[in-house]
2 protein chains.
Amino acid sequence: MNQVLKKGRVLPDMEREVIELFIRMADVLNLPRSVGEIYGLLFISSDPLCLDDCRIRLNISKGSTSQGLKILRSFGAIRTVYIPGDRKDYYVAETSLRKMASGFASEQILPHVHNGEDRIGRIQGLLDQQESDDKETLQEKIDLLKNWQKRAGKTLPLILKLIGS
Amino acid sequence: MNQVLKKGRVLPDMEREVIELFIRMADVLNLPRSVGEIYGLLFISSDPLCLDDCRIRLNISKGSTSQGLKILRSFGAIRTVYIPGDRKDYYVAETSLRKMASGFASEQILPHVHNGEDRIGRIQGLLDQQESDDKETLQEKIDLLKNWQKRAGKTLPLILKLIGS
DNA sequence: CATAATGTTCAATTTATACTGAACATATCA
DNA sequence: TGATATGTTCAGTATAAATTGAACATTATG
């Protein structure tokens, strides 16, 4: 099939459905819609696409496309391929669930976990310098938080293991 | 400590921090801010609170409070307690991570998983009734999607197991 | 060096989502 | 029964987030 025609044609039903699927996934993962669209397009595309390919086929702006690709790169959901004699960057979708999950965990989840750790530390500090009649009860609750935190920290890597290759 | 005074006083630093922590958690889980606030307040409160207690202390609207409590009830993050001689509903925070995670999974995650299953079925249908030169490649990709779906379905219950009691 | 090609950034705008508050439903009480 | 207390619903509004597009970097090319 002619490359130019292929890139130029409107999205057929199946591509639409696949992209829609990834839009929903993006939504669940708290990622912008455009990120789902771009990943879906790259996932179903038979060859690498550049920024403009995505922009045109999805009918979204340059800025959104650039941001979207950046986010996808940030957790390893896409990978750059070099095409000789072309200055543009071309992308393909990474298909290893393991890689993506691990990238997503470390880039999008861990920061929140660490943020939570900090905050719990600060809460403990506030309790320590406080004199109150229900100090013990409060301490129990903070201990509960610490326990959740610990379990979250341990479960995350286990999940990645479970997801396998 | 006097019950009336206690309920009426402004939120002290520690409660603020705890609530802030749950606001962040709610954000990660794609839940409205108010849901995090309400859960946080109930979590740190030493006694059950009714809708109006939450509304007043958090300074949010009746509607938000009602909706938030409904969402928290929907996945078992809070529990109603009966207080004799009072017509109001009183709530306490559920503290079993297991219960909450399982409720959250079945109420907030599984519907998306099922939705995805449906869509993948539809995509397979579209491919079946199509004659294209790259049919095999596309079938491989759909198979990949099915594989992800299957692993997601199997991993979810395992996560719940891991989280333990 | 000037021009063109490519990608990034960010202020302004649009869009999606959550929140508000008044009207409503329901239950209790006098 | 009418008045009061409690909670829900939902149309309108406010808020937060994503998107746009033009200006700006950067790099290549003639």
Side-chain angles (χ1 to χ4, degrees), chain A residues 7 19-20 22-42 48-74 78-92 108 111-112, chain B residues 4 7 19-20 22-42 48-75 78-92 108 111-112:
Chain A
K7 288 201 177 183
I19 290 167
E20 183 72 26
F22 284 104
I23 289 175
R24 301 300 170 95
M25 287 193 193
D27 189 47
V28 172
L29 299 175
N30 241 335
L31 293 168
R33 171 193 175 92
S34 61
V35 167
E37 291 182 280
I38 296 168
Y39 182 84
L41 177 61
L42 290 172
L49 303 178
C50 67
L51 190 151
D52 257 22
D53 293 332
C54 296
R55 182 180 65 74
I56 292 164
R57 290 226 220 163
L58 297 171
N59 193 31
I60 57 182
S61 72
K62 229 174 156 207
S64 257
T65 315
S66 176
Q67 283 295 340
L69 289 168
K70 184 180 184 173
I71 291 171
L72 288 167
R73 280 194 308 266
S74 81
I78 60 176
R79 165 165 71 74
T80 314
V81 298
Y82 173 64
I83 293 196
D86 198 325
R87 8 232 189 88
K88 294 193 281 295
D89 292 328
Y90 283 82
Y91 299 97
V92 294
Q108 314 275 320
H112 291 287
Chain B
V4 176
K7 288 203 177 183
I19 289 167
E20 182 71 26
F22 284 105
I23 288 175
R24 299 302 169 94
M25 287 193 194
D27 189 46
V28 172
L29 299 175
N30 241 334
L31 293 169
R33 170 193 176 92
S34 62
V35 166
E37 291 182 282
I38 297 168
Y39 183 84
L41 177 61
L42 290 172
L49 303 179
C50 68
L51 190 150
D52 256 22
D53 293 333
C54 297
R55 182 180 66 73
I56 291 164
R57 291 227 220 162
L58 297 172
N59 193 30
I60 58 182
S61 72
K62 228 176 158 204
S64 259
T65 314
S66 175
Q67 282 294 339
L69 289 168
K70 183 179 183 174
I71 291 171
L72 289 167
R73 280 194 309 263
S74 82
F75 61 90
I78 60 176
R79 169 163 68 74
T80 314
V81 298
Y82 173 65
I83 293 194
D86 199 325
R87 188 103 135 72
K88 293 192 281 294
D89 291 328
Y90 282 83
Y91 298 96
V92 294
Q108 315 274 320
H112 291 287

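Throughout, a chain's letter reflects where its sequence line sits, starting with A, and its residues are numbered from 1.
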Worked check of side chain to side chain contact (heavy atoms under 4.5 Å, CB included) between A/Leu49 and A/Leu42:
CA-CA 7 Å; A/Leu49 303 178; A/Leu42 290 172; 3.8 Å; yes
* Mind listing the closest non-hydrogen atom pair of B/Ala26 and B/Pro32 along with its distance? =>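 Closest pair (atom of B/Ala26, atom of B/Pro32, distance): CB-O, 3.9 Å.
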[X] [atom1] - [N] [atom2] separation (whole Å):
X	N	atom1	atom2	answer
A/Leu51	C/dT8	CG	C1'	10 Å
A/Tyr90	C/dA5	OH	P	14 Å
A/Ile38	C/dG7	CD1	C1'	13 Å
A/Asp86	C/dA4	CG	C1'	14 Å
A/Ile83	D/dA28	CD1	P	17 Å
A/Asp89	D/dT26	CG	P	16 Å

Residue set satisfying side chain to side chain donor-acceptor pair (under 3.5 Å) with B/Asp52, at least two apart, ordered chain then number -> B/Arg55
Review point. Does B/Arg73 place a side-chain N or O at less than 4.0 Å from the phosphate oxygens OP1/OP2 of D/dT8?
Key: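 Checking D/dT8 against B/Arg73, a side-chain N or O does come within under 4.0 Å of OP1 or OP2.
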For nucleotides 1-5 of chain D, print each protein N/O atom paired with a nucleotide N/O atom at under 3.5 Å, atom names and distance only.
from	atom 1	to	atom 2	distance (Å)
D/dA5	O4'	B/Arg87	NH2	3.1

To the nearest 0.5 angstrom, please state how far the [atom1] atom of [X] sits from the [atom2] atom of [Y].
X	Y	atom1	atom2	value
A/Ile83	A/Cys50	CD1	SG	8.5 Å
B/Tyr90	B/Asp53	OH	CG	6.0 Å
B/Leu72	B/Cys54	CG	SG	9.0 Å

In a table with atom names and distances, give each donor-acceptor pair under 3.5 Å that connects a side chain of residues 60-69 of chain A to protein atoms at least two apart or in another chain.
from	atom 1	to	atom 2	distance (Å)
A/Ser61	OG	A/Ser64	N	3.1
A/Thr65	OG1	A/Ser61	O	2.6

Would you be so kind as to tabulate the donor-acceptor pairs closer than 3.5 Å made by side chains of residues 33-41 of chain B, with sequence neighbours excluded?
from	atom 1	to	atom 2	distance (Å)
B/Tyr39	OH	B/Glu94	O	2.6

| At under 4.0 Å between heavy atoms, what does B/Asp52 touch on the DNA or RNA strands: base, sugar-phosphate, or nothing? | nothing
Residues at least two apart in sequence or cross-chain that pass side chain to side chain contact (heavy atoms under 4.5 Å, CB included) with B/Asn59, listed by chain then number, are none
Restricting to nitrogen or oxygen on both sides, can you table the protein-nucleotides 17-21 of chain D pairs closer than 3.5 Å?
from	atom 1	to	atom 2	distance (Å)
D/dT19	OP1	A/Ser34	N	3.1
D/dT19	OP2	A/Ser34	OG	2.8
D/dT20	OP2	A/Ser61	N	2.7
D/dT20	OP2	A/Ser61	OG	3.0
D/dT20	OP2	A/Ser64	OG	3.4

